[in-house]
Q: 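Next up is a structure, given as structure tokens.
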Amino acid sequence: MNLTKTALRYPYLLWTGIFLSAFSWLGALQNPVRAAERVYVSYGILERSIPVLSLEAYAKNGTIDDDLAVYARYGDAKQLQQLKSVLVARADVDLVAVSQFLYTPQGEVLLKRLGQVIQPESRDSGFKAIRAALILAAADPDGLTLLNVLRKFPTRGLRIDVERSLEIAAALQQLVNQAKQATTIVLQAAQQEQATEAIAVNQLADIRQRGPYTWQKQTLALVDTTRSAVLNPTSADAAAPPVGGGIPTVPVANSTIGRSVPVDLYIPNQLTPAAPMPVIVISHGLGSDRTTFAYLAIHLASYGFAVLVPEHPGSNAARLQALINGTASEVSEPAEFVNRPLDITFVLNQVESLVNATPNLQGRLNFQQVGVLGQSFGGYTALTLAGAPINPQQLQASCQNLENTLNLSLLLQCRASDLKQPIPTLQDARIKAVIAINPITSAVMGQTSISQIKVPTMIVTGNADTIAPAVPEQIQPFTWLTMADRYLVMLQGGTHFSTLDSSNSRDALPLPQEVVGPNPAIARRYMNALAVAFFQTYLANNAADRSYLSATYSSAISEVPFPLTLIRSLTAEQLAQGLANNPSTAATRSP
């Protein structure tokens, strides 16, 4: 392999890794005494170098000097233009956010991974030098660009190991191929299921539209005095006054006497409910808050469900802001793996007591028919409450070599390895059905835990999820479910953030469109319909809504360019066989 041509062909590998680190997970530092003057590109025993000034001149005005000309003759015009674009592509990220994140345990793991590829002249691990260069580049008026990172690298020269870069690229390509092949498998399964279904979709009501009920929202300030406080700098925890004779509560914000769990309660305005309303709890993901799924809470309330949306104080948007402000050392403590499910149980207990003590609400809510919907970390929360315990053995097996993983969700999941033992039982018997959107599962649960879930379960995946990859985190775990009432929903082109709506959040960090993905409004319409159908079927015991939970209906409401697919059955053997048909893919089996 020609070293020069290879280096020119793959310049994007380094910057892809840096961008993934900065965008996906968002100290003291002395200024370096020197900046990088030359970039050494090595492949095995071969090595060539180019001055940083040559790259800078080409990036700024297209000048190809004698040093760059040695490389340029191996590339075509398209590759040279790609090199120029990569050098000046700017990541619009906050300096303080970059600095704080790169000093967290998750940030250091990612830096060590990059340090395998980018090294100082000494060939030592370059992770500390990379951290310095990233922070200084983010502070530069020209912003965080690859060219700026090269300028700020705190040694006279830096080496880029092309051989290691290609190994990482091959692993990344394997993940991409795996997702593509799994998509084909799911689509084939959907076609087979659709061929056996006899559903007149044109006779079904459009449940993507709001239901017949108006609703009221009340914010409750609840405090669990049995658990430690989490103090995040936000004023969003204050309780809203009761509306229309709602539950009387005392506003408490950032309580220092216990864990403060603010809850938004959405109650339909049903004059004479035929039966007590089922209760649905929505659990937000890491770095989000209780506004993220307000659109879905409102939609469910319009169909007659009482909806509780708590905020998890140790892993919400305010916690992420606390990390950025320097008042928190990491984005989430290991204890959040236990505290999140306990939050839900605590909220159910407290709200049930408050409802029973409120005359106009007595008997209106059914706290024995509860559904949970969660996204990402919230998806884990939902599955844990449904009966999948934290699995220390699986964590030990999955968290041995994090510096070589491309599954970014493992950086969070493996923090559960530090939980105090014994881990309490987190299942809640009141939970009768769960929806898990982009859940993280492979290390913290694994097959042994997932197979213990007995309640109806829907897992939603996006085949463009770069945070919690579809195959290891959602599709393969779906094959481990053993109950009859299970559903796998795939959003083709869906990312980790496609179903979120952060437009009303005070603290959530804005995400670039490239990270969110295309057409999130379409994904939200899908979730409106699927959540109503699923919970009507399994909480309200409305058998007629089962028709919506079909490959036929998902195909009928599917919108270009963001297709929707739903299947009810896929075995581990079918998945493994389908992936084996493509030699570049292989399912990762978990004990």
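Quick note: numbers below take in every heavy atom, side chains included, and nothing from hydrogens, waters or symmetry partners.
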Q: What do you reckon, are the aromatic ring centroids of Tyr303 and His299 less than 6.0 Å apart?
A: yes
Q: Could you verify whether a donor N or O on one side chain and an acceptor N or O on the other, from Glu473 and Gln413, lie under 3.5 Å apart?
A: yes
Q: How many angstroms lie between atom CG of Leu491 and atom OG of Ser498, to the nearest 0.5 angstrom?
A: 6.5 Å
Q: Grab the two heavy atoms, one from Leu395 and one from Ser417, that are nearest each other, plus how far apart they are.
A: CB-OG, 3.7 Å
Q: So, for Arg524 and Thr499, which heavy atoms are closest and what is the spacing to 0.1 Å?
A: CG-O, 3.8 Å
Q: Can any side-chain N or O of Arg486 pair as donor or acceptor with the backbone N or O of Met483 at less than 3.5 Å?
A: yes
Q: Side-chain contact test, heavy atoms from C-beta onward, threshold under 4.5 Å: evaluate it for Gln178 versus Gln181 and give yes or no.
A: no
Q: Under a 3.5 Å threshold, yes or no: a donor from one side chain and an acceptor from the other, between Asn407 and Thr405?
A: no
Q: What about the rings of Phe305 and Tyr266, do their centers lie closer together than 6.0 Å?
A: no
Q: Step by step, work out the salt bridge (charged side-chain N to carboxylate O under 4.0 Å, His left out) result for Arg319 and Glu333.
A: CA-CA 10 Å; Arg319 173 72 177 193; Glu333 299 286 345; 3.3 Å; yes
Q: Dump the intermediate steps for side-chain contact (heavy atoms from CB on, under 4.5 Å) on Val279 and Phe535, then the final yes or no.
A: CA-CA 10 Å; Val279 176; Phe535 290 126; over 6 Å; no
Q: Decide yes or no on side-chain contact (heavy atoms from CB on, under 4.5 Å) for Asp485 and Thr457, but give the supporting numbers first.
A: CA-CA 7 Å; Asp485 297 308; Thr457 299; over 6 Å; no
Q: Sort out for me which residue in Val347, Val263, Ile282 forms a side chain to side chain contact (heavy atoms under 4.5 Å, CB included) with Val309.
A: Ile282
Q: Working to the nearest 0.5 Å, report the span between CG of Leu488 and CD1 of Ile567.
A: 4.5 Å
Q: Out of curiosity, Met445 CE to Ser451 OG, how far, rounded to the nearest 0.5 Å?
A: 11.5 Å
Q: When the ring planes of Phe534 and Tyr487 are compared, do they come out parallel, tilted or perpendicular, using 30° and 60° as the limits?
A: perpendicular
Q: Are any of the side-chain heavy atoms of Leu530 and Ile435 separated by less than 4.5 Å?
A: no
Q: Mark yes or no for whether Gln447, through its side chain, and Trp480, through its backbone, hold a donor-acceptor pair below 3.5 Å.
A: no
Q: Are side-chain heavy atoms of Trp215 and Lys217 found at a separation under 4.5 Å?
A: yes
Q: So, the side chain of Ser409 versus the backbone of Ala468: is there a donor-acceptor pair under 3.5 Å, distance only?
A: no
Q: Which one of Thr565, Thr495, Thr183 satisfies the side-chain hydrogen bond (donor to acceptor under 3.5 Å, both in side chains) criterion with Asn463?
A: Thr183
Q: Looking at Glu193 and Ala551, what are the two nearest heavy atoms and their distance?
A: CB-CB, 4.3 Å
Q: Find the distance between CD1 (Ile453) and CD1 (Ile459) and round it off to the nearest 0.5 Å.
A: 7.0 Å
Q: Is any side-chain heavy atom of Glu336 closer than 4.5 Å to one of Phe377?
A: yes
Q: Check whether the side chains of Ser376 and His496 place a donor and an acceptor atom closer than 3.5 Å, and report yes or no.
A: yes
Q: Compute whether any side-chain donor of one residue and acceptor of the other, for Gln394 and Ser398, lie under 3.5 angstrom apart.
A: yes
Q: First locate atom OG1 of Thr219, then atom CG of Asp264, and finally report the distance between them rounded to the nearest 0.5 Å.
A: 4.0 Å
Q: Return the CD1 to CD1 distance between Ile344 and Ile431, rounded to the nearest 0.5 Å.
A: 8.0 Å
Q: Cation-pi between Arg340 and Tyr380: NZ/CZ under 6.0 Å from ring centre and within 45° of the ring axis?
A: no
Q: Search all heavy atoms of Ala205 against all heavy atoms of Tyr548 and return the closest pair with its distance.
A: O-OH, 2.9 Å
Q: Any donor-acceptor pair under 3.5 Å linking the side-chain atoms of Asp465 with those of Asn438?
A: yes
Q: Donor-acceptor pair, distance only, cut-off 3.5 Å: does the side chain of Thr291 make one with the backbone of Ala294?
A: no
Q: Heavy-atom distance under 4.5 Å between the side chains of Val460 and Met527, does that happen here?
A: yes
Q: If you apply the rule side-chain contact (heavy atoms from CB on, under 4.5 Å), what do you find for Met490 with Ile475, and how did you get there?
A: CA-CA 9 Å; Met490 173 176 282; Ile475 298 177; 3.6 Å; yes
Q: For the side chain to side chain contact (heavy atoms under 4.5 Å, CB included) test, which of Asn528, Val532, Leu373 pairs with Leu300?
A: Val532
Q: For the residue pair Ser315 and Ser332, what are the closest heavy atoms and their distance?
A: CB-OG, 3.9 Å
Q: Measure from the side-chain N and O atoms of Gln375 to the backbone N and O of Ala436, and report whether any donor-acceptor pair falls under 3.5 Å.
A: no
Q: Are Ile280 and Leu308 close enough that some pair of their side-chain heavy atoms sits under 4.5 Å apart?
A: no
Q: Determine whether the side chains of Asp545 and Thr537 contain a donor N or O and an acceptor N or O closer than 3.5 Å.
A: no
Q: Which residue in the set Thr381, Val444, Leu383, Thr461 passes side chain to side chain contact (heavy atoms under 4.5 Å, CB included) when paired with Pro439?
A: Leu383
Q: For residues Ala443 and Cys414, report the shortest heavy-atom separation together with the two atoms involved.
A: CB-SG, 4.5 Å
Q: Could you check if a side-chain atom of Arg131 sits within less than 4.5 angstrom of a side-chain atom of Leu134, using non-hydrogen atoms only?
A: no
Q: For Ser288, check side-chain contact (heavy atoms from CB on, under 4.5 Å) against everything at least two apart and list the hits.
A: His284, Thr292, Leu500
Q: Is there a side-chain contact between Asn148 and Leu150 in this structure, where contact means two heavy atoms from C-beta onward sitting under 4.5 Å apart?
A: no
Q: Any donor-acceptor pair under 3.5 Å linking the side-chain atoms of Arg525 with those of Tyr295?
A: no
Q: Could you please spell out the steps behind the side-chain contact (heavy atoms from CB on, under 4.5 Å) verdict for Leu570 and Ile185?
A: CA-CA 9 Å; Leu570 181 67; Ile185 296 167; 3.8 Å; yes
Q: Would you say the side-chain atoms of Ser554 pair up with the backbone N or O of Leu566, donor to acceptor, closer than 3.5 Å?
A: yes
